[in-house]
Amino acid sequence: MNVQHVSKLIHHRLILKDIDFTIESGSIIGIVGRNGAGKTTLLRTMAGILNPTSGDVLVKNKSIFQHPQLKEQIIFVPDSTEAMKNYSTKEMIFLYKTIYPGFDEAYMRELMERFQLEQINKIGNYSKGMKALFQLIAAFATGASYILLDEPTDGLDVIVKRQVLQLLVEEVAEKDLSVLISSHRLDELEFMADEIIMIRDGEVDSHYKLGDLSSRYRKAQLVPSSPLPDHILSSLYVLDKTGRVMTILFEADSSIEKELEQSNPVLFETLPLSLEDYFVAKLGGDRLAE
Amino acid sequence: MLNKALWFQNYKQSRLLIWALLVLFILQMPIQAILSIETWNERAEQAGEAEEYVYEVQSWDVQQIFSQGNFTIFIALAIIFFAVLLVGLERNTRRNDFTFSLPFSRKQLYLAKWLLGISVITLFFIMNFVPAYFIISASEFDYGLHLVSSIEIFWAPLLGYIFFFTFALFIGTVTGEMISQTVLTLITGFLPMILLTLTQEFMRVHNFYLFSLGSQPRPIVYLTPIYYTIGQMGELIGLSLAIIFTALFLYFGIKLYNRNKVEHNGEFFIFKQINPVFFTFLTVIASLFGGSLVASLAPWSADALRVIAYWIGFTTFLLFALLAVRRLITMNVTFRGKPM
């Protein structure tokens, strides 16, 4: 799946700016960014709900807007079950079976049994967690190659959340499908994502493999002995500052680490790096430090 | 567009109105036919008691059952709400996201809605026309059926309803939610006649006449969509126009649905270019209406007072319209639904 230079203008505001990336099959990609960064707009455009102002979304090198039948390969799971709340489980299965040629009814029923989801006359009567699970199970049963999830674990209790995440990882491991997850739960993404796309003000700020993060960046706690020179300060992301104690992030392949060590700090200790640290550094670290 | 899933999805979200339409057609035709025969019998008996008077069913008595009368107004309203449930309601909720994420072109999605609508209308109309026709033909008033043509009692109302549904669905392609679709369908459904009435009233108050077409000139009736549902098109030209307008509104409906800006769902219009036109138009109409309303309170003999009253009403309604219409076009009515 190729997202090619997608831009989207809404109410004279550029919500997406020249978004361009490729999704390889068999991967879990996390889309992160602050509220209003354009994550949901991006997913809705990739699902063919919104028409891009410019750019295109390609599946098998064909535009999904020119060839909407290609959307058989894409399932969008929104953060609301509004669309299916008045349907019974049986009706929903009928609907999916009729729309998606690859829909596996037996597998759907098997998963429903496994997660103890009973047949019900109105999906709206399911609990929040059950609705989320049903939506996810139905999406996986369609046999689509690309699953787009918008905040899949938002508001779910720990038990259901674990079930959802477990199902997600199992599905990607067993089948050759790709899952794109827009989420604020960075700890969850860290647990399962292969790649991270960070969106900032509608643009791709960075796109990298999660495994590369620790080799590209260092996190450290620093108490400098004297005020740091400007050229060092400008190369640091300050995650936190309490008195003289700073928690900082910097690029691993720069000379900063060496210079910091040579400045005889009172304390300089490297810490394990998390996705949340990177997120804070990139999208709000300076403001936090202020 | 013939996909079973789309039929089912559209049926599911509009079934309340589908069954309401069936009930209205049953009441309009077979039930009304039975009750009318009883009434005609009673009138015939009463006429029999009077000397030299014979009661005869007239053509309009029969037209009341098939194409005119109060029920046609209810059916027209039901048709508007039917179209609103198929398009407007989707826009107010997150259902539009689900529909547009399905592997169908927007043309297919639109045609599925249209086909469901016209199939329901056609099926229910015929289902009720046939028994009503046979009830009358089996009665002693069967001669009444020879007073009317098939165009008057079958083709004109059926094609009129189909056109009006196509029109209401078309309005849903430019409006952003269900209230604006309902309001705009009602306004535009009467628009040519409203414009004529307000313009003629303006000229009458000011005592100058650029033209005078009477209260219901035929060309204006032909251009007013609502007349197609209330049995005013029982002639070949009306029938032909119903077909032509259906084709035109279907064509433009598909074009506009294809260019839908879903991001404007919940707002009054989907296409923002319409806002200034609508703003000006509705303000002028409301002002003219205000003028006519207040002028009607002045005595007819006092010409100067009537003109002054007209402009007081015009200005008052203009001010209110400026505020109200501005709010209307900047509104956003979207029911987001709870997360999960």
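Naming convention: chains lettered A, B, ... in sequence-line order (proteins, then strands); numbering from 1 in each chain.
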Does [X] have more than 12 heavy atoms from other residues, nucleotides or ligands lying within 6.0 Å of its [atom1]?
X	atom1	value
B/Y11	OH	yes
A/Y107	OH	yes
B/F74	CZ	no
A/E190	CD	yes
B/K272	NZ	yes
A/K60	NZ	no
B/F271	CZ	yes
A/R162	CZ	no

Does any backbone or side-chain atom of [X] lie under 4.5 Å from a heavy atom of chain B? Answer side chain, backbone, both or neither.
X	result
A/Q73	neither
A/L9	backbone
A/M46	neither

Tell me, do [X] and [Y] make a side-chain contact under 4.5 Å, heavy atoms counted?
X	Y	value
A/K85	B/R94	no
A/P78	B/D97	no
A/Y100	B/P103	yes

Inter-residue atom distance [X].[atom1] - [Y].[atom2], 0.5 Å rounding:
X	Y	atom1	atom2	answer
A/R44	B/N96	CZ	CG	8.5 Å
A/I74	B/L102	CD1	CG	12.0 Å
B/S101	A/L50	OG	CG	11.0 Å
A/L95	B/F8	CG	CZ	6.5 Å

Review point. So, A/K8 and B/E263, do they make that salt bridge, N to O below 4.0 Å?
Key: yes
Point to revise | Heavy-atom closest contact (A/I49 atom, B/V262 atom, distance) | key: O-CG2, 3.5 Å
Check your understanding: Most heavy-atom pairs under 4.5 angstrom with chain A, which of B/K12, B/R95, B/Q9, B/R106?
Key -> B/K12
Point to revise | For chain A, the option from B/H264, B/K261, B/Q13 that forms the most heavy-atom pairs under 4.5 Å | key: B/H264
Practice item. Count the heavy-atom pairs under 4.5 Å between each of A/F76, A/Y126, A/F65, A/Y87 and chain B, then report the option with the highest count. Key: A/Y87
Check your understanding: Relative to chain B, which of A/L148, A/I99, A/I10 shows the most heavy atom pairs under 4.5 Å?
Key -> A/I99
Check your understanding: Between A/K71 and B/F100, is there a donor-acceptor pair closer than 3.5 Å when you use the side chain of the first and the backbone of the second?
Key -> yes
Check your understanding: Under 30°, 30 to 60°, or over 60°: which ring-plane class applies to B/F98 and A/Y96, parallel, tilted or perpendicular?
Key -> parallel
